[in-house]
K.L.:
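Mind having a look at this structure? Questions to follow.
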Amino acid sequence: EAGVVQSPRYKIIEKKQPVAFWCNPISGHNTLYWYLQNLGQGPELLIRYENEEAVDDSQLPKDRFSAERLKGVDSTLKIQPAELGDSAVYLCASSLGGETDTQYFGPGTRLTVL
Amino acid sequence: DAKTTQPPSMDCAEGRAANLPCNHSTISGNEYVYWYRQIHSQGPQYIIHGLKNNETNEMASLIITEDRKSSTLILPHATLRDTAVYYCIVSGTGKLIFGQGTTLQVKP
């Protein structure tokens with residue numbers, strides 16, 4: 001079974017440029033998560049989708065970050081414009097959903113903003 | 001969700017059991033204990049979870065104290081590939097709040 005797929009794996013951009021990350025969850029997983037991980041820290045939840053609905057986006061900085069999950073499968077996370085402090089690893093995870101939900105993580109996209 | 005306390009780092013000899021402790025003294029009755037690990041440059045990986053009873057799977061064992069205020073993750077025969085950051089998370093909603101975890105270094 002294929003795991004969570006993310007692309008690109010690495011991205012280097014200059015500040016003020018836009019950037020987008022793509023995630024393909026495990027087949028059949030209705031719940032999709034985007035996390036941000038700063039160096040030396042644990043991942044922090046940005047947004048959670050149940051199918052195509054964003055059910056928890058309280059930690060998403062909405063002035064520059066946006067996300068979508070069209071058709072309840074793939075998802076895209078966008079930053080526009082990027083700032084130096086956005087340099088981090090962006091992780092996508094998916095799960096079947098439910099109270100004791102096991103989340104399966106992708107390898108992440110490492111973003112460097114110059 | 002209850003907070004957890006883990007030692008920042010631990011060492012273990014290859015082939016020996018690695019016992020990773022976690023304190024969660026404010027855990028409530030409906031909250032589960034989850035363990036994930038993150039190997040360098042990879043996404044976190046689910047290991048095991050439990051509510052009250054001890055649990056075992058192909059990766060590890062989870063021992064939860066009777067009062068549920070602490071738990072121990074046991075890797076029975078640690079290998080070099082088990083070197084990673086191990087996160088203990090308590091949640092009743094499935095939402096994961098990661099702390100800084102324990103960096104386990106398995107040494108030859």
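Just so it is clear: chains get the letters A, B, ... in the order the sequence lines come, proteins before strands, and each one is counted from 1. The analysis underlying the following values was restricted to heavy atoms, covering all of them including side chains, and did not include hydrogens, waters or symmetry mates.
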K.L.:
Indicate if A:L39 and A:I13 have the same hydrophobic cluster label, given that clusters are the connected sets of ILVMFWY residues with side-chain heavy-atom separations under 4.5 angstrom.
P.N.:
no

K.L.:
Going only through I, L, V, M, F, W and Y residues with side-chain contacts under 4.5 Å, is there a path from A:V4 to A:I47?
P.N.:
no

K.L.:
In terms of heavy-atom contacts, does NZ of A:K62 have more than 12 from other residues, nucleotides or ligands at under 6.0 Å?
P.N.:
yes

K.L.:
Could you state whether A:Y90 and A:F105 fall into the same hydrophobic cluster, counting links through intermediate Ile, Leu, Val, Met, Phe, Trp or Tyr residues with side-chain heavy atoms under 4.5 angstrom apart?
P.N.:
no

K.L.:
Is A:Y104 close to chain B through its backbone or its side chain, or both, or neither, when contacts mean heavy atoms under 4.5 Å?
P.N.:
neither

K.L.:
Checking A:R48 against chain B: side chain, backbone, both or neither under 4.5 Å from a heavy atom?
P.N.:
neither

K.L.:
The test is side-chain contact (heavy atoms from CB on, under 4.5 Å); show your working for A:Q37 and B:Q38 and say whether it passes.
P.N.:
CA-CA 12 Å; A:Q37 186 170 25; B:Q38 189 169 24; 2.8 Å; yes

K.L.:
Under 6.0 Å from the CZ atom of A:R9, do we count more than 12 heavy atoms belonging to anything else shown?
P.N.:
yes

K.L.:
What heavy-atom pair brings B:G43 and A:L91 nearest, and what distance separates the two atoms?
P.N.:
CA-CD2, 3.9 Å

K.L.:
May I ask you to test the B:L96-A:Y33 pair for a side-chain heavy-atom distance under 4.5 Å?
P.N.:
no

K.L.:
Mind checking the CD-CZ spacing from A:E44 to B:F98? Nearest 0.5 Å is all I need.
P.N.:
11.0 Å

K.L.:
Does A:Q59 CD have over 12 foreign heavy atoms under 6.0 Å away?
P.N.:
no

K.L.:
Indicate, with yes or no, if B:L73 and B:L104 share a hydrophobic cluster defined by side-chain heavy-atom contacts under 4.5 Å among Ile, Leu, Val, Met, Phe, Trp and Tyr.
P.N.:
yes

K.L.:
Hey, is the main chain of A:Q103 close enough, under 3.5 Å, to the side chain of B:Y36 for a donor-acceptor pair?
P.N.:
yes

K.L.:
Can you tell me which portion of A:P43 sits under 4.5 Å from chain B's heavy atoms? Options are side chain, backbone, both or neither.
P.N.:
both

K.L.:
What distance do B:K95 atom NZ and A:L45 atom CG have between them, rounded to the nearest 0.5 Å?
P.N.:
5.5 Å

